[in-house]
Amino acid sequence: MSQTPLNGSSTPASELPKAYRPAEHETRIIGRWDAAKAFHADPSRVVRREAKPFCIFIPPPNVTAALHLGHALNNTLQDVLARAHRMMGDETLWLPGTDHAGIATQAVVEKRLLQEEGKRRHDYDRDEFVAKVQAFKDEYEATITAQLKEMGCSCDWDRQRFTMDEQCAAAVREAFFQLFKDGLIYRGKRLVNWDPVLQTAVADDECYDEEIEGHFYYLRYPLVHAGSRDPAVKPSDGSAKGSVDPMPVTWDELAARGYPGAQEHDSEQEAWITVATTRPETYLGDTAVAINPHDPRAKPLRGLFVELPLVGRVIPVIEDAYVVLPERYARTEEERNDPKSAMATGFLKVTPAHDPNDYEIGQRHGLPMVNMMSPDGKVSDGHGMDSIGDAKVLVGKTMAEARKMVVKEFEARGLFEGAKPHRHSVKHSDRSKAVIEPYLSDQWFVKVTDERLAGSANAALVESQRTTKQQSSKAASAQGAGDGSLAFHPPRYAKTYEQWHTNIRDWCISRQLWWGHRIPVWTREYTLSGENPANKLPIGSAHAIDGDWSLSGAIHLVERTCEDKYREVVCPPALIPSPSPHDLPFPVVKFNESGKHAFIARNQSDLVRELEQEGFTQDPDVLDTWFSSALWPLSTLGWPNPAAFNAESNSNLLKVFNPSSVLCTAREIITLWVSRMVMFNRYFTGEGQGRGNVPFRDVFIHAMIQDGEGRKMSKSLGNGVDPRDIISSHGADAMRFTLCQMTTQTQDVRMPVARDETTGKNTSPKFDLGRNFCNKLWNAARFTLGILARNPSPVSNAPVQAKDLSLVDRWMLSRLTSSVAKIDACVTNYEYSDYAETVYRLLWWDFCDWYLEAIKPTIDASPAQRAVLAHALETIVRVLHPIAPFITEAIWEQLKDVETAPVHGVHLGPSRTGGLLCTAGWPRLDAALIDPDAESAFERLRTLISAVREVRSQHQVPPKRRITLHANDAVRSLTTRAPGLVESLAGVESIVFDAAQTASSRNSGAARAAFVFEGAELALSNLADAVDASAERDRVTKRIADLEKSERTIDGRLSNPGYMAKAPAKLVEESRAQLAQIRDELATLRKRMGELG
RNA sequence: GGGCGGGUAGCUCAGUUGGCCAGAGCGUUCGCUUUACACGCGAAGGGUCCGGGGUUCGAGUCCCCGCCUGCCCA
């Protein structure tokens, strides 16, 4: 390694190129970090109490695509914290990894296969298809890892994980097992968002709403008295036996019941009601018609039914307040203004198996659920709809076809009342763009509504961020380890988090995909007839049974699905491979009838083989991606058995780094991921009580990057900026600096996007800020190193003392000290923009603009000043390292070997690994170096220099021309504190202390330019052969106008009795002094005007 | 519908518990090959702090109403 010419190396400073060229350093430095394993965390140091732990889990990027600018921001912010804490001496683990992103990745691969090979998923068997996705994942995982390294991320690469690798998979199986065992996972029929193209349930966040031009269709349902044909429906008189056909209801009869408007119809005719619907085809699944109880027609209809045309199903009319009242029956302004009331008839067809609101109504009224659709989105009588009657013609049609046919059939029977255009939003699938069908199906759920999960998540919030306090003293007394230890930054996001858990619903975790963690449940179905113990089970209920599998630690249930059919369910605990034969995992052991071991499973594949031999098959579904992501802070550290996955020295990993320090993420992730990590982490570390550790103590929510118009960056808009393009055009450090500088506490940041004419790639002018800054640093370092190289200092251990230093040196040390203190606070408080801004000002404004310029005349003669110079640059380089790791490391390669005397009070610890800055100590500067006297004197000198420069500029004095400053005694005592400073920085040849005379004995006004400094008139001469009197007049006139305006403001304030009476005395005093100074200056300037004529 | 943001210079944004003549970077204008840096140096111009009320001696900042705009949840 060390043979590489560039490695570690020492190009003499004089030969450093004029501009910083990132590409010449970044690869080499990544190589040095890698070779030194500089980012590998050692938990044993924490165990031995040699260091405090600092840990961040990367939000694992999806393997779906390369990283975008949002990732660049997210990871930069994490890296800044990791690097700062590492330098501060904390044992720092930033754990990297990627997420398998189930549906997203599968969809991308399916699309790719279709494009490239013209094949679909089902053209392969499951294993073949998964292998294709795996290959895709390998490709993108490699890309992502390379990108993170290019950005400079200081991750512990030896501990990189993937949510589907063996270690994470074991955690998933174990978590599922435990939750299932504890009754927090169940299977149930639920209405899900069904994507009929991908044929899977999708989560709400995998859908988007889109407005479509649809219709409200008006369908008539004939009113009947129920017969007894339908066993689910009791005859209305309650007496009739046998089969009785439903009897039509006439308008006459309705009129008698007091139904408003019934008289307007032919009295003998059969009566109907009219429902309004946007989806007529779902009438096949109707199980009731609902009316608002406040509708005057509700009472007359009580006890009546309707008969569904074609289907012949007789369903009740029920009353439910959810139903929108039609305009004419609206009772309040609010009801009238409901846009739906104009379209409403007051009758709502209720289809619990195909509409979420109807599902709720169905739950409230105990309605049966009739599913009329097959998983591919076609009308079916094989999925729960048995009584179908003449509607058989619709079977096999798509929902769209069925809609047209239903309308025709109703028309043919005179039951179609019409349709009105209606714009409404319809859910679509993100991945397939298909219209989502609410669909009733068997799904697995996590009962997150349980107090041990959602309740525990809210209890984790720090007291100051909670809006609901502990409800009961009982809860308060059962304080868990992580209670009150989770804090959001900025705090407002705690509310999002809290409200999410307050309104949370059970979490559907099954996905009908092939890519993901397969649900670790095996089932076997069989038929049993005749007398046996199992047929005492109520139909539909599941019971734990004792048997081989339960004896071996698995969950074993038997469920009676109908009269003589049973389903056995087995969920085994995770079998975790162990590298050590002495540390075997808990095995699944089965016994045969004679009590001998018939089978021992020590790994997952043995177990699966055994189950399959016994006729069990694994559930085909996979788990929602977030299930494995929710375990990330546990699975990455080896939970449930860290020893099995880590070398002996690392078995403390889980203990040391969970809870971690902070999670950095975007706000949309709060509900998707943060919540679930907290619930799972607390549950699994809390021994089933849900009150264990939080996975992280702080959650930092950063902004989302938008383009210049405030739109999200996206592929389809073509407004995205690729971090790789920025790294190649500006360098990783420039990108990182800019991203940090943009990170304020707001929730969005805008990044104007521009096309680079030469490359044709998107970029943003914002990154020039970072590039310019890096270049500035590079040149400051080049200059400094040049000075130090040409003045080798004799090695001396005698520290330079501040009291022996010049004013500018003391000023510089003071500025460094307060800046480092500010930066320390920024790191603690996640104030990235302030951090970047503080280093920017320190380097550019203080160090470059003033300090370097100020020391030019003296530096070669002063070893003490060179010590300050070296320490100043090194302090800046060190505090900048977390933001800009490459350029600082590159500069430090040269700087670290430069010998100067120590500076008393400046502590720069050595590198701990590989001679690298990334593990060198964080600068500590003693507070005693803060020197208010030096700062204020220097500030006055800066003001004086600026005043001179201003006059020079206005008089168009050539920069090279040396001029004369006519000053007074006050200035004399100031300038003698920093000899040569004003001369050097203001281009002054000599300072003459004759300002007092000038005013009285002036006869050559035109040759001089006067200006005011601290209220007194000073002058410049020798500006040119003659001073331009009119330029001088313009300047003075403008200044007078400005001052007069200020005078009015401050005078007004001081003549306000309220101000004088109530404002703090200090402010009043300041105002007085200010006014006096303004008036002094005004007097001087007016006199000057007089002289100018 | 509920919740959370944002609106300050041409652009992107700071602006702390109300208190100096409201700031920075970019862009603009003028002057500079001043030997670390033109990715630079020096200087300048540029603001109805979204609108309207209110509290206060004093409001960009606090309160109320409105307008525009973005996000999250249902």
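Chain letters run A, B, ... following the sequence lines, proteins first, then strands; residues in each count from 1.
- Listed pair A:K495 / B:C4 meets the phosphate criterion, a side-chain N or O lying under 4.0 Å from OP1 or OP2.
- Taking atom C1' in both B:U61 and B:G7, one finds a spacing of 15 Å when rounded to whole Å.
- For the pair A:R815 and A:W844, the cation-pi test (distance below 6.0 Å, angle within 45°) is failed.
- Nucleotide B:G42 holds its C1' atom 18 Å from the CZ atom of A:R961, rounded to whole Å.
- Across the protein-nucleic acid pair, A:Y493 atom OH and B:C71 atom P stand 13 Å apart, rounded to whole Å.
- Distance check on atom P: B:U48 versus B:G2 gives 35 Å, rounded to whole Å.
- The pairing partner recorded for B:C71 is B:G3, the criterion being a Watson-Crick or G-U wobble arrangement whose two distances lie under 3.5 angstrom.
- The distance from atom CZ of A:R949 to atom C1' of B:A44 is 15 Å, rounded to the nearest whole Å.
- When each of A:E950 and A:N772 is assigned the nucleotide of RNA chain B with its nearest heavy atom, A:N772 is the one assigned upstream, toward the 5' end.
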| field | side chain to side chain contact (heavy atoms under 4.5 Å, CB included) between A:Q465 and A:K495, worked out | value | CA-CA 8 Å; A:Q465 295 190 350; A:K495 207 166 176 178; over 6 Å; no
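- Side chains of A:Y851 and A:D846: no donor on one and acceptor on the other come within 3.5 Å.
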| Could you run down nucleotides 12-25 of chain B 5' to 3' and tag each one B, S or - for protein heavy-atom contact under 4.0 Å? | SSS----BSB--SS
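- Side chains of A:N1022 and A:R962: no donor on one and acceptor on the other come within 3.5 Å.
- Atom CG in A:D733 sits 10.0 Å away from atom NE2 in A:H25 (nearest 0.5 Å).
- A donor-acceptor pair is defined here as one N or O able to donate and one able to accept, closer than 3.5 Å; no such pair exists between the side chain of A:N762 and the backbone of A:R755.
- In summary, the side chains of A:T671 and A:W500 do not present any donor paired with an acceptor at a separation below 3.5 Å, with no hydrogens or angles considered.
- The separation of B:C11 from B:G47, taken at their C1' atoms, amounts to 14 Å, rounded to a whole angstrom.
- With P as the reference atom, B:G10 and B:G5 are 28 Å apart, rounded to whole Å.
- When Watson-Crick and G-U wobble pairs are counted only if both distances are under 3.5 Å, B:U12 pairs with B:A24.
- For the P atoms, the distance from B:G42 to B:C26 is 11 Å, rounded to whole Å.
- Judged by Watson-Crick or G-U wobble contacts below 3.5 Å, the nucleotide B:G31 has B:C41 as its partner.
- A:H702 has its NE2 atom 16 Å from the C1' atom of B:G5, to the nearest Å.
- Side chains of A:D768 and A:H730: a donor on one and an acceptor on the other come within 3.5 Å.
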| How does protein reach along nucleotides 29-38 of chain B, written 5' to 3' as B (base within reach of a heavy atom under 4.0 Å), S (only sugar-phosphate), or - (no contact)? | ---S-B-BBS
| message | Protein within reach of the bases, or only the backbone? For nucleotides 59-64 of chain B, mark each nucleotide 5' to 3' as B, S or -, using heavy atoms under 4.0 Å. | response | ------
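- One interatomic measurement links the two molecules: CZ of A:R492 to C1' of B:C4, which rounds to 7 Å at whole-angstrom precision.
- Looking only at side-chain heavy atoms (C-beta outward), A:L1018 and A:L944 come within less than 4.5 Å of each other.
- With a cut-off of 3.5 Å on both pairing distances, B:A36 has no Watson-Crick or G-U wobble partner at all.
- Distance check on atom C1': B:G52 versus B:U12 gives 29 Å, rounded to whole Å.
- Put simply, CG on A:L843 is 13 Å from C1' on B:C39, counting in whole angstrom units.
- When the P atom of B:G2 is taken as reference, atom CD1 of A:I504 falls 22 Å away, rounded to whole Å.
- Ring orientation note: the planes of A:F773 and A:F737 are close to parallel, at an angle under 30° on the 30°/60° scale.
- For the C1' atom pair drawn from B:A22 and B:G46, the interatomic distance equals 13 Å after rounding to whole Å.
- Within 6.0 Å of CZ on A:R505 lie no more than 12 heavy atoms contributed by other residues, nucleotides or ligands.
- Using modelled atom types and a 3.5 Å distance limit, the side chains of A:T858 and A:Q865 yield a donor-acceptor pair.
- Distance check on atom C1': B:C32 versus B:C37 gives 15 Å, rounded to whole Å.
- Between the OH atom of A:Y20 and the C1' atom of B:C39 there is a distance of 13 Å, rounded to whole Å.
- For the ring pair (Phe, Tyr, Trp, His ring centres under 6.0 Å) criterion with A:F700, the lone passing option out of A:Y493, A:Y832, A:F488 is A:Y832.
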